[in-house]
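First the proteins, then the strands, lettered A, B, ... as listed; each starts at 1.
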Protein chains: 2
Amino acid sequence: MPDGSGAARLGVLSRPGCVGLCEQCRIRGLAVCRALEPQALDELAALATRLELPAKKLLFDEGEPARSLFTLVEGVVKLYKALPDGRRQITGFLLPGDFLGLAHFTSYAYSAEAVTEVGLCRFPREGFLRLLERHPALERELLSRASSELAAAQEQMLLLGRKSAKERVASFLLSFARRQAMVGRELVALPMSRNDIADYLGLTIETVSRSIRAVEEEGLIRLVDRHHYRVVDPDRLRRAAAAG
Amino acid sequence: MPDGSGAARLGVLSRPGCVGLCEQCRIRGLAVCRALEPQALDELAALATRLELPAKKLLFDEGEPARSLFTLVEGVVKLYKALPDGRRQITGFLLPGDFLGLAHFTSYAYSAEAVTEVGLCRFPREGFLRLLERHPALERELLSRASSELAAAQEQMLLLGRKSAKERVASFLLSFARRQAMVGRELVALPMSRNDIADYLGLTIETVSRSIRAVEEEGLIRLVDRHHYRVVDPDRLRRAAAAG
DNA sequence: CGCGTTTTTGACAAATATCAATGCAGGTGG
DNA sequence: CCACCTGCATTGATATTTGTCAAAAACGCG
C-alpha cells in the first residue's frame with residue numbers, strides 16, 4: 001500500500017552516517033546496493049559529481065533545460081510547481097535515497113529547492129542516458145521508482161481533492177513519520193516551514209497551524225517543538241487521516 | 001509542456017477507425033508503430049486478448065491482485081481512488097492509445113472503470129513482464145510514459161491544491177480539448193458525467209455546473225449540449241485556467 | 001408520452017481563507 | 001550577557017468560496 005508521502009517509499013531510506021562509510025553506497029539513492037551489478041555501479045560512480053548545497057538553494061527551476069539528474073544523499077529537498085501569480089504547489093519532499101530530475105521532455109517540469117543543507121550526486125543527462133541504454137537493470141529500477149512515485153502522486157491527488165484540512169495534516173504527519181520509519185516512540189524531524197507544509201497540503205499556514213494543534217489536542221501526536229513531533233497514537237492518527 | 005490532462009500526452013492520440021485497419025496498429029496504444037521493432041510487436045500481439053466492455057464496467061478495483069495490463073483501443077476509461085466513506089478522486093481519464101495497469105506492487109493502486117463502451121487489449125502480467133525483460137525498447141517506452149504521467153500528475157496536484165473552481169474547470173476544458181487536438185473550431189466530446197468531472201476536479205457537481213456556465217457566459221467556450229462543447233477563445237480560456 | 005436519471009438553479013451553511021495582532025526564538029550587536 | 005530585531009508561527013475576528021440541501025428543469029429511454 002502506498003502511503004501518500006509523495007516520494008521514496010522504496011525501502012531506501014537514509015541510514016545516517018552511511019555516506020562515505022559504505023563503499024557500495026557511495027552513490028546513494030539509486031538503490032544501488034539492491035538493484036545493480038557492480039560494474040554498472042562503478043560506471044555510475046565514474047559519472048557522478050558530489051555536491052553540497054546550503055538550505056534554500058535552488059537546484060533547478062521549472063522550464064530550465066534538464067541538463068542533470070541527481071540523487072539525494074543527505075538532507076531534504078522540495079519539488080514544486082508555481083502559477084504565474086505566485087501560488088505554489090509542492091508536489092513532494094525528497095529524503096536521502098531519492099532520485100530527481102528525470103524529465104520526460106528536455107526541460108524540467110518542476111522546480112527543486114533544498115529545504116535543509118543537502119548532499120547530492122549529480123549526473124550529466126547525456127552520460128546518464130547512455131548508461132541507461134547499456135544497463136537495463138538501471139532502467140528497470142527507474143521504472144519501478146516512477147511507478148511508485150505515480151502511486152504516491154495519486155494518493156496525494158486524493159488528499160488534495162477530497163480530504164478536509166485536519167485529514168490532510170493527519171495524513172502528512174503520519175506518512176512523514178512512516179517514511180522516517182519512526183511511528184513508535186521516536187522523534188520525527190519536520191525540517192520544512194509551515195509555509196512549505198501549507199503549499200504541500202493545498203492549505204494556508206494558518207489552517208495548517210490550527211489543524212496541527214487540533215491533532216495534538218486530540219492526543220494523536222505530541223509536538224515537541226515546532227520542528228519535532230512524536231506519533232502518540234498511530235491507529236487513531238490513521239483514522240484521522242481517513243486512511244483506508 | 002505538460003497540459004495537466006492526467007494521461008496520454010504522447011502524440012499517440014486516437015485516429016478513429018485505425019483499429020483493425022492498420023496492421024501495425026493492431027495492438028494500439030503502446031505507441032507500437034513508433035517505438036518497437038517488428039519482432040517485439042509480434043510477440044506483444046501474440047500475448048494480447050482483445051476485449052470489448054460496456055460503459056460503467058469495472059476493469060479492476062483498487063487493492064485487487066494485478067493480474068493484467070491493458071492498452072485502451074477505443075473509448076474512455078477513468079481511474080480513481082476512494083476513501084472508506086465513499087469520497088472519490090478520479091486521477092485521470094484515459095483515451096485510446098493509453099496504457100493502464102502498471103502496478104508497482106502486486107495489487108492495483110487504483111480502480112479503473114469504463115466511462116463509455118471500450119475496446120481494450122489485455123496482457124497477462126507474467127507474460128508481459130517476461131517480454132519486458134527481453135525488450136529494453138519496450139521498457140524505455142514505459143519509462144517515458146511513466147515520466148509523462150508523473151508530469152501530468154504534478155500538474156493536477158497544482159490544480160487541486162491551488163486553483164479556484166473556475167480555474168479548474170477552465171483548465172479541464174482546455175486540456176481535454178487539446179488532448180483531442182481540437183482547440184480550433186472542432187466539437188469536443190465530453191463523454192463523462194458531471195459527477196465524474198467533479199470527482200476529477202475535487203469539486204461538487206453543483207460547483208462544476210455553475211463554473212462551466214460561468215466559463216460559457218464569458219464567451220470562452222460554447223456548450224453545444226451537455227456533452228459537447230467548442231473552445232471559442234483559446235487564449236482567454238488559457239488565461240482563465242491560470243496556465244503559465 | 002411518462003418516468004427515472006442527470007443537470008441546473010437557488011437559498012443557506014460550513015469550511016477555509018484573509019486580514020490583523022501577538023507571541024516566540026534565534027541571531028546580532030551593544 | 002542582555003536587549004533588540006527579524007522572521008516564523010500562532011491566535012483571533014471576519015470574509016469568501018465552495019459545499020449542502022431542496023426543488024425545478026432537461027434529457028434519454030422505454
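Taking the six-membered ring for Trp and the full ring otherwise, the centers of B/Tyr110 and B/Tyr80 sit at least 6.0 Å from each other. The distance between the ring centers of A/Phe99 and A/Phe70 does not fall below 6.0 angstrom.
Put simply, CG on A/Leu190 is 13 Å from C1' on D/dA9, counting in whole angstrom units. A/Glu217 has its CD atom 8 Å from the P atom of D/dT11, to the nearest Å. Atom CG of A/Asp196 and atom C1' of D/dC8 are 12 Å apart (whole Å). Summarising the geometry, the separation between CD on A/Glu206 and C1' on D/dT16 is reported as 14 Å, rounded to the nearest angstrom. Nucleotide D/dT18 holds its C1' atom 14 Å from the CG atom of B/Leu201, rounded to whole Å.
Between the side chain of A/Arg168 and the main chain of A/Arg162, no donor-acceptor pair closer than 3.5 Å is present. Between the side chain of B/His228 and the backbone N or O of B/Leu187, no donor-acceptor pair lies under 3.5 Å. For the pair B/Gln180 (side chain) and B/Ala189 (backbone), a donor-acceptor distance under 3.5 Å is present. Side-chain atoms of B/Ser171 come within 3.5 Å of backbone N or O of B/Ala241 as a donor-acceptor pair.
Taking 4.0 Å as the cutoff to heavy atoms of chain A, we find the contact window on DNA chain C bounded by C/dT16 to C/dC24.
In this structure, A/Arg210 reaches the bases: a heavy-atom distance under 4.0 Å links it to at least one base atom across the strands shown.
Looking at residues 162-169 of chain A, you'll see A/Ser164, A/Ala165 sit with a heavy atom under 4.0 Å from some atom of DNA chain C. Within residues 218-229 of chain B, the residues approached by DNA chain D to less than 4.0 Å at the level of any non-hydrogen atom are B/Arg226, in residue-number order.
In terms of position on DNA chain C, the residue among B/Asn195 and A/Thr207 whose nearest nucleotide sits closer to the 5' end is B/Asn195.
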Evaluation steps, salt bridge (Lys or Arg N to Asp or Glu O under 4.0 Å), between B/Lys81 and A/Glu155 = CA-CA 8 Å; B/Lys81 289 179 77 80; A/Glu155 191 70 34; 3.2 Å; yes
Starting from the C-alpha separation in whole Å, work towards a yes-or-no answer on salt bridge (Lys or Arg N to Asp or Glu O under 4.0 Å) for A/Glu218 and A/Lys166.
-> CA-CA 11 Å; A/Glu218 287 182 34; A/Lys166 210 178 91 187; 2.6 Å; yes
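Look at A/Arg213 and A/Glu217 and you find a salt bridge, because one of the NZ, NE, NH1 or NH2 atoms lies within 4.0 Å of a carboxylate O, short of that distance. Using a cut-off of 4.0 Å between Lys/Arg side-chain N and Asp/Glu carboxylate O, B/Glu216 and B/Arg230 are scored as not salt-bridged. A salt bridge links A/Arg88 to A/Asp196: at least one charged side-chain nitrogen sits closer than 4.0 Å to a carboxylate oxygen.
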